[in-house]
Amino acid sequence: MKIFIDSADILQIETWLEQGIVDGATTNPSIMYKDGISDLRAAVLDISKLLGDRPLSVEVTSNDQGIMLSQGRSFASWSRNIVVKIPVINEFGDSCLGVIHALVQEGIAVNATAILSFNQAILAAKAGATYVSIFAGRVADEGNDPGIVIRNVRNWIEDWGFKTEIIVGSIRTLMDIQNAALSGAHVITIPPQFLPKMVDHKYTRETVRQFVQDAERAEEQMVKAQGVKVGSSKK
Ligand code: E4P
């Protein structure tokens, strides 16, 4: 299973890349806004360079399918590791599967995003999407169980031999991450604020504290023992 970082914050991406746990990154217009991006192309180029060969998802910004297509082509031309994010429908409910299909036909990797149901996911996979992004937090907001949606989509992908990978996004709690991992996500895209919480545990801290204290005591004991030995050999 891969972990992507759901962020446009270059320092956070760098920090977690150094920890060896980041396989790629995802962004969306809200993330770009929250992270104070003022020049989309410059930010994308900086992040994509930092990521090397790892994929970076960049989302189109319009409801218009012609604009989605031209933005998608343009983003993909910026760097080899760009994955174009296309919502499965626009805000008026028009299918964007044709945009997904056209870009994939041109050899552009596509992340079909804002997916909230099994049916949306399988149609996006049929259209050729490289990734389908299931929004776990938003599925749960609607009173549905994201684990069931993820598991069903994964089973369907395996049963029918599709190459599409499931990205689980819209992470709101640590349990969302655990549930996604155990429900069959190929990728979980995690906002950076959750990563320190994932690695930390108060009892691990206490355990390490005990080891460090005992290491100091053991060292004193060894120095004392060596001293006694040296002393006794002089006699
Ligand atoms: C990632 O690809 C998604 O765009 C992101 O996780 C959505 O998160 P949200 O539901 O908190 O906006």
Side-chain angles (χ1 to χ4, degrees), residues 1-10 12-13 16-17 21-37 40 43-44 47-48 50-51 54-63 68 71-72 75-76 81-91 96 99-100 103-104 108-117 120-121 124-125 127 129-147 149-150 153-154 164-181 183-195 197-198:
M1 196 200 77
K2 286 171 244 175
I3 289 180
F4 290 176
I5 187 160
D6 203 16
S7 177
D9 182 331
I10 199 112
Q12 287 289 344
I13 298 171
W16 292 101
L17 269 171
I21 55 111
V22 173
D23 300 299
T26 51
T27 61
N28 64 34
S30 303
I31 289 171
M32 293 294 187
Y33 175 64
K34 178 179 69 65
D35 289 339
I37 301 304
L40 181 66
V44 166
I47 299 169
S48 88
L50 190 60
L51 288 171
R54 301 171 186 88
L56 167 63
S57 285
V58 184
E59 186 157 346
V60 295
T61 59
S62 173
N63 278 305
M68 286 184 190
Q71 279 188 340
F75 296 166
N81 60 344
I82 302 292
V83 177
V84 176
K85 249 176 145 181
I86 305 286
V88 69
I89 53 172
N90 67 11
E91 72 170 273
C96 299
V99 178
I100 293 167
L103 292 173
V104 169
I108 294 170
V110 175
N111 176 348
T113 193
I115 288 184
L116 296 169
S117 73
Q120 289 178 320
T130 318
Y131 300 101
V132 286
S133 280
I134 298 175
F135 279 19
R138 293 184 194 246
V139 170
D141 285 345
E142 290 275 286
N144 295 312
D145 184 340
V149 179
I150 297 161
V153 175
R154 179 67 189 256
T164 306
E165 291 194 3
I166 300 168
I167 300 179
V168 176
S170 190
I171 296 300
R172 306 274 165 81
T173 67
L174 291 194
M175 274 309 287
D176 292 337
I177 298 168
Q178 187 170 323
N179 286 337
S183 301
H186 295 94
V187 184
I188 307 178
T189 189
I190 304 178
Q193 66 270 23
F194 291 103
L195 294 167
K197 287 187 187 172
M198 283 175 78

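Numbering of ligands and ligand atoms starts at 1, following listing order. Being a predicted model, the structure only gives us computed values, none of them experimental.
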* Structure fact -> atom 6 (O) of ligand 1: closest protein heavy atom, distance to 0.1 Å, is D6 OD2, 2.5 Å
* For G169, the ligand 1 atoms whose distance to one of its heavy atoms is below 4.0 Å -> 6 (O)
* Hey, is ligand 1 close enough to R172 that some N/O pair sits below 3.5 Å? -> yes
* Among protein heavy atoms, which lies nearest atom 4 (O) of ligand 1, and at what distance? -> N28 ND2, 2.7 Å
* Backbone of L56 reached by a side-chain donor or acceptor of N81 within 3.5 Å -> no
* Structure fact -> With heavy atoms and a 4.0 Å threshold, my read on which part of E59 contacts ligand 1 is neither
* Asked: Where is the tightest heavy-atom contact between I31 and N28, given as atom of each residue plus distance?
  -> N-OD1, 2.7 Å
* **Polar contact flag for T27 and ligand 1 (N/O pairs, less than 3.5 Å)** => no
* To do: For atom NZ of K34, decide whether the heavy atoms of other residues, nucleotides or ligands shown that lie under 6.0 angstrom number more than 12.
  => yes
* To do: Output yes when a side-chain donor or acceptor of T113 lies under 3.5 Å from a complementary backbone atom of S133, and no otherwise.
  => no
* To do: Provide, to 0.1 Å, the distance between atom 2 (O) of ligand 1 and the closest protein heavy atom, together with that atom's residue and name.
  => K85 NZ, 2.7 Å
* Asked: Is the shortest heavy-atom distance from the side chain of N90 to the side chain of M68 under 4.5 Å?
  -> yes
* To do: Please report which non-hydrogen protein atom sits nearest to atom 8 (O) of ligand 1, along with the residue it belongs to and the distance in Å to one decimal place.
  => S170 CA, 3.4 Å
* What protein heavy atom sits nearest atom 12 (O) of ligand 1, and how far away is it? -> R138 NH2, 2.8 Å
* Pick one: which of T27, N111, D6 meets side chain to side chain donor-acceptor pair (under 3.5 Å) with S57? -> N111
* To do: Specify the closest pair of heavy atoms between I5 and P192, including all atoms of both residues, with the distance to one decimal.
  => CD1-CB, 3.9 Å
